[in-house]
Number of protein chains: 2
Amino acid sequence: MQPTPPPSRPVAASAAQPVSRRERNRQDKIRRILGAATELFAERGYSAVATQEIADAADIGTGTLFRYAGSKAGLLMLVMNEQLRLGVERGITLSRNGTAPTEAILALVAPLVESGCHHPENTAAYQRETLFGSGPEREAAAAHVARIECAIEEILRRYVATRGMRPGRDLGMAAHVIYSTMYMDIVRVCMGRAPADSLTNRLRRSVDYLLDTLVRPPTDRGTPPG
Amino acid sequence: MQPTPPPSRPVAASAAQPVSRRERNRQDKIRRILGAATELFAERGYSAVATQEIADAADIGTGTLFRYAGSKAGLLMLVMNEQLRLGVERGITLSRNGTAPTEAILALVAPLVESGCHHPENTAAYQRETLFGSGPEREAAAAHVARIECAIEEILRRYVATRGMRPGRDLGMAAHVIYSTMYMDIVRVCMGRAPADSLTNRLRRSVDYLLDTLVRPPTDRGTPPG
DNA sequence: CTCAATTCCGGACTGGACTCCGTTTCGAGC
DNA sequence: GCTCGAAACGGAGTCCAGTCCGGAATTGAG
């Protein structure tokens, strides 16, 4: 995406003191871009916002905007990755606090659900880019997904253990199936093909169903996987 | 999508004789558009083809092109819906001919798989639009998906019956989960995030796994699906 | 401070999807 | 055939994402 070596640095947290003028300018621009994009996308929706407007609001040239963001879609992912990051962490923490497995899994996608109900268009575009996009911003989003799937797998493992089930099932695949199904449910709502107010119930139903089936130990018969 | 009442007609097959001059022109244009788009997309890939080129190849103006197709994405869906239609029918027929359930389900998505291996970019764009697009062409694609899911459900029902299992499971949901999982597998390959040559094996593994788990009758315990 | 080297910036520009509206073609009544 | 209203056409024009390159800012050396 980035045209040529962008002004990338080890994107580490603000720790080092010896910040050059350049670096300060850079950080400041990033902050302005993120702020402008966050506000405009939230206010008017992804497709109704022109990159020019974001550049104007951030008080930079369009060339500069694309130097930092790579593409309009990348900009959206930047914004939403940031917003979802905390939510995902919180969800993971919550999910470890002994809740019922279904609720624990729902907690993991709670930020996406909330975002999906509040800003359907932006969330749909985000999910679309997660699956079909490219570039570093998509990688970051994919990392979120991977974290969530891992957390689901962990929940499944505990679920199986507490019930004394045979743990041999491919819980990684189960987690993947569960996430995929929830992804579809969320997208359906964001695209307006299912009512938003029923999203959590629908997710709960899907997760219940899958928990109840995917995770039970295999009987002796049948086609053993793998 | 269509700007104003497009020249739509009951898109029925060529049956009626009393075709006016207008109607003949219309059919002819549609044929030229579809031909040009099919060839160009296949030859150079969705993103590398400009709508202007399609219009030129079909020997019509760009305005006319969009009168018939609504959007570039709609054009792709028109083309691929047409190509997949026969394949899906064949898959459904095959799947009824007593094959093993896994193979029957794979037969249903065989056209998508083939398309995905041969024209990854076009197939990815098609799948993307199936999920995130809008307009009549997407409806048609969604109808294909619904047919496939129904066929999967039918396969599951037979599978359950022949094994004397309790048929009370929500097989519709199972079919949906299976299709969603295969969708993800196909997209992953089309996006180059998994090797194309392993696609069928990967699908088989997913389907085997899901067949083996989703479809077994519930035990007495647990949360019975509503 | 001055100067050169390097990096960064930004707005004019490009390419492409899509639209608008004047022109053309068609069909029906006469 | 001729005329008129309606539908279809098409290409000039619009809008917008994304690029390019000339020039500005920053840094380091002397």
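Just the heavy atoms: all of them, side chains too, but no hydrogens, waters or symmetry mates, feed the values below. In the text below, chain A, chain B and the rest are named by the order of the sequence lines, each starting its count at 1.
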Quiz item: Is it true that the NZ or CZ of B:K72 lies under 6.0 Å from the centre of B:Y46's six-membered ring and within 45 degrees of the ring axis?
Solution: yes

Self-check item: Side-chain (B:S95) to main-chain (B:L108) donor-acceptor, under 3.5 angstrom
Solution: no

Quiz item: Between atom CZ in A:R44 and atom C1' in D:dC16, what is the gap in whole Å?
Solution: 13 Å

Quiz item: When the distance from CZ of A:R24 to P of D:dT27 is rounded to whole Å, what number comes out?
Solution: 8 Å

Quiz prompt | Distance-only donor-acceptor check, side chains B:T123 and B:S115, under 3.5 Å | solution = yes

Quiz item: How is A:L65 classified with respect to the nucleic acid when contacts are heavy atoms under 4.0 Å: base, sugar-phosphate, or nothing?
Solution: nothing

Do any side-chain nitrogens or oxygens of [X] fall under 4.0 Å of OP1 or OP2 in [N]?
X: A:Y68; N: C:dC8; answer: no
X: A:T51; N: D:dA17; answer: yes
X: A:N25; N: C:dC8; answer: no

Quiz item: Parallel, tilted or perpendicular: which fits the ring planes of A:Y183 and B:F132, with parallel below 30° and perpendicular above 60°?
Solution: perpendicular

Practice problem: Return the 5'-most residue of the pair B:K72, B:R21 with respect to DNA chain C, ranking by each residue's nearest nucleotide. | Solution: B:K72

Quiz item: Nearest nucleotide by nearest heavy atom, which residue falls closer to the 5' end of DNA chain D, A:T64 or A:A50?
Solution: A:A50

